[in-house]
Amino acid sequence: MADVLRSLRLGGRGDPARACALALGAEGVALSLLVGNGRTAEPLWCHPEVSARFEELQFTLGEGPGPDAVRTGSPVMEPDLDRVRPDRWPALLPPARDLGVHGVCCFPLGIGAIRVGVLTVLCDGDRTMSVQQSADATALAAALTGALLNGDGRGQWGEDGNGNGDRGGSGNGGPVLGLFLDRPTGLHRAAVHQATGMISVQLGVTMEEALLRLRARAYGSERPLGEVADDVVARRLRFNDSDDTNNASDNGDGFDDDMNGPYSPGDGKG
């Protein structure tokens, strides 16, 4: 873990998620940043693929140790999901087990009321997290928090940001993010943000309610949230407030297939 923290401080290169997973002795590691007014979790890096899939599952359902850690500001330690009460995360637990996730520990990134992200650690088949692993993960979360809050977010190398300076400083006294923590140039979930806004207008509800409706649709159809959001943005899917007894074109779940969008068949116009 000392080498990983040193790489973070010096702006190291390589695969940070893999390095963190190896250092922690974990099945997987994921780091997500909170962006926008809705504080949506945007994935920065994950290793291996199951970590990315678990992050997407939490995002789609809006429940799990990650959202709980962000909400409470405290680590959520569940190294053995078989011992979690079924009513704690009723929608998450069955598909998480199907993914082969044995246990999860999530560490919020932030100081006081400030939240900037969450570090998710997938536990190994022993379904435990040792005292040393917990201490290492806590130290990593603290280092990531400091880097994200103090760095400029674009891998600044020195005082001029062009590599003409000391890589050990960011020009403002904070640690350099470097490629190790280089922020994404675009949002992975841009379609979700856009779809949420469209649903808010269609239903005349708040953005929070619109996101809940979008998540309910994804969960009910057993599809990733991003796929459903793509359909909304492409106008293949439109939300309405009618029930199945009052609208014959409704699919029985409060949603219509919008056949008047730019991607509709025939001569449909937007």
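- For the pair Arg88 and Glu78, the salt-bridge criterion is met [side-chain N within less than 4.0 Å of a carboxylate O].
- Within the 4.5 Å cutoff, the side chain of Ser221 has heavy atoms near those of the Val228 side chain.
- Scanning all heavy atoms of the two residues, the minimum distance from Ser51 to Gly28 falls at OG-CA, 3.4 Å.
- Taking OH from Tyr219 and OG1 from Thr60, the interatomic distance works out to 12.0 Å, rounded to the nearest 0.5 Å.
- Between Trp45 and Arg18, every side-chain heavy-atom pair lies at or beyond the 4.5 Å cut-off.
- Salt-bridge annotation for Glu209 and Arg213: present, with a side-chain N of the basic residue lying under 4.0 Å from a carboxylate O of the acidic one.
- To the nearest 0.5 angstrom, Leu237 atom CG is 8.0 Å from Gln202 atom CD.
- For Arg53, the CZ atom counts as loosely surrounded, since its 6.0 Å shell holds 12 or fewer non-hydrogen atoms of other residues, nucleotides or ligands.
- Pro67 places none of its side-chain heavy atoms less than 4.5 Å from the side chain of Phe59.
- Separating the CG atom in Asp68 from the CD atom in Gln58 is a distance of 8.5 Å, to the nearest 0.5 Å.
- Taking Ser32 as the reference, Glu55 meet the side chain to side chain donor-acceptor pair (under 3.5 Å) condition, with sequence neighbours excluded.
- With values rounded to the nearest 0.5 angstrom, Leu24 atom CG is found 11.0 Å from Asp124 atom CG.
- Both Leu92 and Val76 belong to a single network of hydrophobic side chains, linked directly or stepwise wherever heavy atoms of I, L, V, M, F, W or Y lie under 4.5 Å apart.
- Nearest heavy atom pair, residue Cys20 against residue Leu140, reads SG-CD2, 3.6 Å.
- Under a hydrophobic-cluster definition in which Ile, Leu, Val, Met, Phe, Trp and Tyr are linked whenever side-chain heavy atoms come within less than 4.5 Å, directly or via other members, Val84 and Leu61 are assigned to the same cluster.
- In this structure, the separation between OG1 on Thr72 and CZ on Arg115 is 7.0 Å, given to the nearest 0.5 Å.
- Within the 4.5 Å cutoff, the side chain of Val192 has heavy atoms near those of the Leu211 side chain.
- The two residues Ala137 and Leu119 come nearest to each other via the heavy atoms O-CD2, 3.9 Å.
- Nearest heavy-atom pair, Gln133 versus Met129, reported as atom, atom and distance to 0.1 Å: OE1-CA, 3.4 Å.
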request  = Walk me through it: do Arg236 and Asp230 pass the test salt bridge (Lys or Arg N to Asp or Glu O under 4.0 Å)?
outcome  = CA-CA 8 Å; Arg236 293 187 292 263; Asp230 286 339; 6.0 Å; no
Enumerate, atom names and distances included, each donor-acceptor pair closer than 3.5 Å involving a side-chain atom of residues 95-106, sequence neighbours excluded.
| residue | atom | partner | partner atom | Å |
| --- | --- | --- | --- | --- |
| Arg97 | NE | Asp82 | OD1 | 3.1 |
| Arg97 | NH2 | Leu81 | O | 3.2 |
| His102 | ND1 | Arg127 | NH2 | 3.4 |

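- Inter-residue side-chain proximity for Ile111 and Thr145 is flagged as met; some heavy-atom pair is nearer than 4.5 Å.
- For Glu27, there are no side chain to side chain donor-acceptor pair (under 3.5 Å) partners, not counting sequence neighbours.
- You'll find the side chain of Pro16 stays beyond 4.5 Å of the side chain of Leu31, heavy atoms only.
- Contact of the Thr196 side chain with the His193 side chain is not registered, since no non-hydrogen atoms from C-beta on lie closer than 4.5 Å.
- Val205 and Val233 fall within a single hydrophobic cluster, where Ile, Leu, Val, Met, Phe, Trp and Tyr are joined by side-chain heavy atoms under 4.5 Å apart, directly or via other members.
- What you find for Ala30 and Cys46 is that their closest heavy atoms are CB-SG, 3.6 Å.
- By the rule that hydrophobic residues join a cluster once side-chain heavy atoms approach within less than 4.5 Å of another member, Leu225 and Leu57 end up as members of separate clusters.
- Closest non-hydrogen pair, Phe107 versus Ser134, comes out as CE2-O, 4.3 Å.
- Separation of atoms NE2 (His47) and CG (Leu22) is listed at 6.5 Å; rounding is to 0.5 Å.
- Tracing side-chain contacts under 4.5 Å through hydrophobic residues (I, L, V, M, F, W, Y), one reaches Val29 starting from Val116; they form part of the same cluster.
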